Amino acid sequence: MLIKAINVCKTYKNGLEALKNIDLEIDSGEFVFLTGASGAGKSTLIRLLFREELATTGQVLISGRNIARLSQRETVRLRRNTGVVFQDFRLMERNTVFDNVAFALKAVERSWEEIKVRVPQVLEKVGLGGRENENVMHLSGGEQQRVAVARAIINHPLILFADEPTGDLDPNTSEELMKLFEQINKDGTTLLIATHDKEIVNRMRRRVLTLHGGKLVGDIVGGWQL
Amino acid sequence: MRLYSFRYIIPQAFKSLKLNGWMTFASILTISITLFLCAICWLLVINIDSNAQQMESDVRVSAYIDQTISSEDYPALQEQIEAIDGVDNVEFVSKDQGISDLEKRFGGIDLKETLGGNNPLPDRFSISATNKDVVSSVAKAVKKLDGVDTVRYGEGSVEKLFALTDTFRKVGITLIILLGIAAVTLVAMTIRLTVFARRKEIMVMKWVGATNAFIRWPFLLEGVILGVIGAFIAVVLVLICYKYAGVYVANTISFVYLLELSTIWLKVLGFAVLAGLIMGAFGSIISLLKCLDV
């Protein structure tokens, strides 16, 4: 099992119980939606899975390893095997498309020769071939999200987490982004996408995990449950 | 850490310095002032020390001859002095030579003319001792001789100079510590601002799996650059001041001498750059430990 959560709870310092007794398993190569209303705990669960935060109780296992017990070096390795995409893209506004994507390679200390080859390749894959030198702020929302996806997948992660990736996009652009995610999934990357976009979930007919009030209330293949 | 990562790290550090222009300026200025004062204190201390040591080794006993005795008796008196235990060498200094020596020491002032053509100085013997520990006993023995009016050997002045050096050292160290704390705090604040301004990049670096060292290096380098630039500015200012102070001192107080610039500039540079580097790195580390929990 690639991702496993065992009785995971997350309580913040202010007493808010964001997640309660979550048990879930995601196999390698799956495409999974994580749904629920705002405040249901989707973003918290995503943050726990890529070890941005740690569970208060319970265990999160990635490839059989409890990620709370990872050393610094192992954490770095885990992050190199996971990609993350956010609703607000989190791009470096003053930089070009190339710089934003190349940054992910520079940060993991790849050589300049490798960066020059791989960045155009991944931009081609996300449909932004030839746009390397444009400033990211001159791109549309959908294009900016593609840059964020390119940055997330350029290191060939085993898992891609996306937290409300279509939240700021119009329906057509969201549709195109989902096609891109399907393509990435076909290439072997496991996807977990947190969304409250009912239409997309219903259309895609994939496995859907449903959170409600911090509890996992549904796990089916199909459409929106709530 | 791979070597080619510095292709990212080095420009990043300079970019950050540019980004926080005013804080960068304030940090460099504080480091410069701190190191400037440190270096000035240090130069004062080593110069006073060296003057004191020079004076100590140069202490000569001046035996002023009773003006009532005839100059014909001088050779006999000189022989008596030379016979005293601990006397190394006795030199006769006439009153004319005495006043011209004095004129030289005070920068070429015409003392005779100032004193209305009179020379109030008595003739004297300038006596050197075999070593500095017997100066006092030689002076006492000379004083007892007939024909000797007064004896002077700068008693207490060397001790006063050493006490002055000590005071300078204490005041200097206190000042350096206080200014050092201010400089390190300012560097830490500058770095913290950079960390804040680049928090998004730092988050992205974390998510894609950058190592702690890779994330922290640009900030550490930024602090070191602040320190080294501050140090170079301080060194230039110190050396310019020292050069002009040397000329001024040589022209006005001839009995004080400053160490040659050529013998100290490398030490000043080394000291300032090392101190600047340590302050900069220390400021960065404080900031990184506090606000860059990777």
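All of these numbers come straight from a predicted model, not from anything done at the bench. A, B, ... follow the sequence lines: proteins, then strands. Residue 1 opens every chain.
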Counting only heavy atoms closer than 4.5 Å, note whether [X] contacts chain B via side chain, backbone, both or neither.
X	result
A:Arg110	both
A:Glu93	side chain
A:Phe86	side chain
A:Val84	side chain

Side chains of B:Thr211 and A:Arg80: does their closest heavy-atom pair fall under 4.5 Å? yes
Closest contact, heavy atoms only, A:Val108 versus B:Val208: CG1-O, 3.2 Å
Minimal heavy-atom distance between A:Lys106 and B:Phe214, with the atoms involved, is O-CZ, 3.1 Å
Angle class for the A:Phe50/B:Trp207 ring planes (parallel below 30°, perpendicular above 60°, tilted otherwise)? perpendicular
Mind listing the side-chain donor-acceptor pairs of residues 231-239 of chain B below 3.5 Å, one per line with the distance, residues two or more places apart or on another chain?
none

Counting only heavy atoms from other residues, nucleotides and ligands, does the tally under 6.0 Å from [atom1] of [X] exceed 12?
X	atom1	answer
A:Lys116	NZ	yes
A:Tyr12	OH	yes
A:Lys125	NZ	yes
B:Phe282	CZ	no
A:Glu114	CD	yes
A:Met92	CE	yes

Looking only at heavy atoms, which of residues 133-159 of chain A get nearer than 4.5 Å to chain B? A:Arg151, A:Asn155
With rounding to the nearest 0.5 Å, note down the distance linking CZ in A:Arg79 to CE in B:Met205. 12.5 Å
